[in-house]
Amino acid sequence: MLTSFDNTGLLKVLNFLKTHESEYLSGQDLSDVLKISRVAVWKHIKKIRSLGYKIESKQKRGYKFVNTTDKLLPWEISKKLKTNFIGKRIYYFDEIDSTQNFALNISSQSIENGTIVLAEKQVNGIGRLNRKWHSPKGGIWFSVIILPEFEISDTTIIPIASSLALCITIERIYGVSSKVKWPNDITINGKKLAGMLVDATIQANKIEKIVLGIGINFKVDVSKIDKKIKNTQNYYGITSLLSPQSKMKQIELFTEFLLELEKVIQDLTNGKKQKIIKKWSQYTDIFDKQISIKTKKGKITGIATKIDLDGGLIIKTNGNNKKIFVGDVIIE
Ligand code: BTN
């Protein structure tokens, strides 16, 4: 595990190499300037390379920083992040069972608002309704712990607000039009690009903590996942934002999304639910369409008309309006 608040020796070496980008620095120089042993310097360089940074080495001359990493490392995120509270504390894993589980565990202790848990790969990723969430390398898999200052009833707007934030960010950075699909999917050309999951702990009728889990197929080989899950119920196809071969890095999408997420959370805190729902409605393609939803009580078919202030979806069915809170929307 790497965090945004330790690894000082490693960061000393990395930052020194970065700030002397065009020069070779010998192990002895690094050891003298940074006041760490030569063995420690060597160990740090080895670790820095294993984290995906390109460090050149030449005999008798030493080490030179060549290129940064593709990985979403905590200190790289911290450097770029413009938020006020989201991401001030970051836990990073090469591999984990589920960031959601880890975040839920640490959220039972006293924890800083906006803490993030992220992983390059999850081996037991969790999707909505307890489904498996395939999370290979190339995706962005993370959970954000939020200590909400808004009303308990507004928790149901969180998935609406965060999926809206992701659509806006994707449009701004890549010029790609993605859609929100109730309750919290993001789609491109009708296929699923990203999903969100909300877990809330409630005490004395007050939401204590919300853990928002987000999975984005950034540059994922979705054909492999498609083969595995195409026969699952309500599956409607899966897509990736970029091809697995793309050289684009994840960091811009990640940091810009967190900034947008913070804005919608502020809106929610300031009681601007209506604004969020209005904006969300501009990004969805389910309204005025014939849809069906499988709920625990059976299948409901009708025309999707709007989202209510509590996040429920209103469906017109046989002349009556029905409000649904949980389920998967299938466009007929
Ligand atoms: C969905 O079913 O659409 C929600 C998927 C949420 C997946 C994310 S990936 C990061 C976080 N950790 C998990 O185990 N799940 C969420």
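Small disclaimer: the values here were computed from a predicted structure and weren't measured. Whatever order the structure lists ligands and atoms in, that order sets their numbers, starting from 1.
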Q) Quick one: which of His134, Arg128, Arg131, Gln122 has a heavy atom closest to atom 9 (S) of ligand 1? A) Gln122

Q. Does an N or O from Leu197, backbone or side chain, lie closer than 3.5 Å to an N or O of ligand 1?
A. no

Q | Whether over 12 other heavy atoms sit under 6.0 Å from Lys249 NZ | A | yes

Q.
I need the nearest protein heavy-atom contact for atom 3 (O) of ligand 1: residue, atom name and distance, please.
A. Lys192 NZ, 2.6 Å

Q) Among protein heavy atoms, which sits nearest to atom 15 (N) of ligand 1, and what does the distance come to when rounded to 0.1 Å? A) Ile126 O, 2.7 Å

(Q) Taking a cutoff of less than 4.0 Å between a non-hydrogen atom of the residue and any ligand atom, is Met196 in contact with ligand 1? (A) yes

(Q) Between Lys88 and Thr83 (side chain of the first, backbone of the second, donor and acceptor by atom type, cut-off under 3.5 Å), is there such a pair? (A) yes

Q.
Give the atom numbers and elements of ligand 1 that come within less than 4.0 Å of a heavy atom of Ile214.
A. 8 (C), 9 (S), 10 (C)

(Q) Using only atom types and a distance under 3.5 Å, with no angle test, would you say the side chain of Lys181 pairs donor to acceptor with the backbone of Val329? (A) yes

**Q.** Polar side-chain atom of Glu262 near backbone of Asn84 as donor-acceptor pair, under 3.5 Å
**A.** yes

Q.
Out of all atoms in ligand 1, which are within 4.0 Å of some heavy atom of Gly125? Include the element for each.
A. 14 (O)

Q) Using heavy atoms and a threshold below 4.0 Å, how should the contact between Leu129 and ligand 1 be classified: side chain, backbone, both, or neither? A) neither

(Q) Is it the case that the side chains of Thr269 and Glu149 hold a donor-acceptor pair, with the cut-off being a distance below 3.5 Å and no angle test? (A) no

Q. With ring centroids as reference points, do Phe142 and Phe102 lie under 6.0 angstrom apart?
A. no

Q | Short N or O distance, Trp141 and ligand 1, threshold 3.5 Å exclusive | A | no

Q.
Check whether Thr156 reaches the backbone of Asp310 with its side chain - one donor and one acceptor, N or O, closer than 3.5 Å.
A. yes

Q | Short N-O contact, Glu256 and Lys80, less than 4.0 angstrom | A | no

Q: For ligand 1, find out whether one of its N or O atoms is nearer than 3.5 Å to an N or O atom of Trp133.
A: no

Q) Which option, Thr99, Leu212, Asn124, owns the non-hydrogen atom nearest atom 10 (C) of ligand 1? A) Thr99

Q: Would you tell me whether Asn124 and Asp97 have side-chain atoms, one donor and one acceptor, within less than 3.5 Å of each other?
A: no

Q: Using a strict 4.0 Å cut-off to heavy atoms of Phe142, name the atoms of ligand 1 that fall inside it.
A: 10 (C), 11 (C)

Q: Please verify whether a non-hydrogen atom of Ser143 lies at under 4.0 Å from ligand 1.
A: yes

